[in-house]
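Notes follow the structure.
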Amino acid sequence: MKTKSIQIDVKVIDLEAGQFEGYAAVFGNKDSYGDVIVAGAFADTLAADFGPDGQGVPTYWCHDFKDPFKNIGATIWAKEDSRGLRVRVQLDLDTQNAKQTLKLLKEGRVKQMSFGYDVIEGAYVESEEHGFYYELRKLKLHEVSVVPIGANQETEVLAAKAAGDAGDAALAVELFTQALEHLSLAKGALIGAATAAKAANIELPAAEAGSHESESDSGEEPAQAKSEEPSPAKDEEPAEVKSQTAEHALALHDIGRLVGVDITTLKGDHA
């Protein structure tokens, strides 16, 4: 299961009853992980996995499934609108953790939500607006959480605009610094992958033109996602193994293109 967070202005609806409302996901913007959620991504899971109008989605504090007392409530309803996945949550005020969460929300010390999910359908695509990104088209929702730290930077920018130009400038510097940190981590991982491929005598082919378009049109999951599946059995044909290796190599080229790293150069430098 994966998780994704956004910063929002959680609206406390009824302090006496312990309800609050907010967005667990936002559509159409690229978050700090390079993902974009499309409208309709939650439609099937809300209809199939939960009650009428999305009732009964478990609500946790920080995705803590191991502690039963961190299950702090459930949704009264959950629905998609033009902005994203909007939820209304009933906190379980019989537990101290839920009472504390309500207190933090009321005082504005916590303003963010997150959701746990699995990807059912997604693909790497490229657009003029977002550049190169992973499009989340269909998701399986497991839970929503109240969290102290979010990942959706565009939502944070929108929330900060009312502070004026000085606040915008400070936020821009902060977001730029965070973006550089993400790129640095991605580049380090890419160098490690290329070095491992070289050590295993895996020849990385040059990226083929139009590889991004074919991946997007097919609607298939990218090679990175496929790597999470069970490894091929030992008795499989060498040709199939070679094909999978080529797919992973092309995926490395795609990541390199995203962070501005030449895989061919990496192979030579890290032999």
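Neither Leu141 nor Ile76 shares a network with the other; the hydrophobic side chains, linked directly or stepwise wherever heavy atoms of I, L, V, M, F, W or Y lie under 4.5 Å apart, form separate groups for each. Linking ILVMFWY residues whenever their side-chain heavy atoms come closer than 4.5 Å, directly or via other members, leaves Phe42 and Trp77 in distinct clusters. In the hydrophobic clustering of this structure, Leu93 groups with Ile72; members are Ile, Leu, Val, Met, Phe, Trp, Tyr whose side-chain heavy atoms approach within less than 4.5 Å, directly or through other members.
You'll find the side chain of Gln19 stays beyond 4.5 Å of the side chain of Val89, heavy atoms only. Between Leu105 and Val146, the closest side-chain pair of non-hydrogen atoms falls below 4.5 Å. With a 4.5 Å cut-off on side-chain heavy atoms, Phe27 and Glu80 count as touching. At least one side-chain heavy atom of Val144 sits less than 4.5 Å from a side-chain heavy atom of Val57. With contacts defined as side-chain heavy-atom distances shorter than 4.5 Å, the pair Tyr134/Val119 qualifies. Counting only heavy atoms from C-beta outward, the side chains of Ser114 and His63 approach each other to under 4.5 Å. Side-chain atoms of Lys106 and Lys103, non-hydrogen and from C-beta on, never get closer than 4.5 Å to each other.
Note that the CG atom of Leu104 and the CG atom of Leu102 stand 9.0 Å from one another [nearest 0.5 Å]. Of the inter-residue distances, the one linking Leu85 atom CG with Met113 atom CE reads 8.0 Å to the nearest 0.5 angstrom. A distance of 10.5 Å separates CD of Glu129 from NZ of Lys30, quoted to the nearest 0.5 Å. To the nearest 0.5 Å, the span separating NZ on Lys70 from CG on Asp64 amounts to 4.5 Å. Separating the OG1 atom in Thr59 from the CD atom in Gln90 is a distance of 10.0 Å, to the nearest 0.5 Å. Note: Phe115 CZ to Ser145 OG = 11.0 Å, rounded to the nearest 0.5 Å.
A cation-pi arrangement is present between Arg83 and Tyr23 under the rule of less than 6.0 angstrom and at most 45 degrees off the ring axis.
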Set out, in order, the CA-CA distance, both residues' side-chain angles and the distance that settles salt bridge (Lys or Arg N to Asp or Glu O under 4.0 Å) for Asp44 and Lys138, then state yes or no.
CA-CA 8 Å; Asp44 289 350; Lys138 184 181 294 187; 3.3 Å; yes
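Annotation for Asp49 and Lys140: closest pair OD2-NZ, 3.1 Å, computed over non-hydrogen atoms. Nearest approach of Leu136 to Ala41, heavy atoms of both residues: O-CB, 3.9 Å. Looking at every heavy atom in both residues, Thr45 comes nearest to Phe50 through O-CD1, 3.6 Å. When all heavy atoms are compared, the tightest approach of Pro58 to His142 is CD-O, 3.6 Å. Taking every heavy atom of both residues into account, Gly54 and Thr75 meet most closely at O-OG1, 2.8 Å.
Between Phe65 and Tyr60, the ring planes are perpendicular. Angles over 60° get that label, and only those under 30° would be called parallel. Between His130 and Tyr133, the ring planes lie perpendicular to each other; the angle is over 60°, past the 30° to 60° tilted range.
No more than 12 heavy-atom neighbours from other residues, nucleotides or ligands sit within 6.0 angstrom of CG on Asp53.
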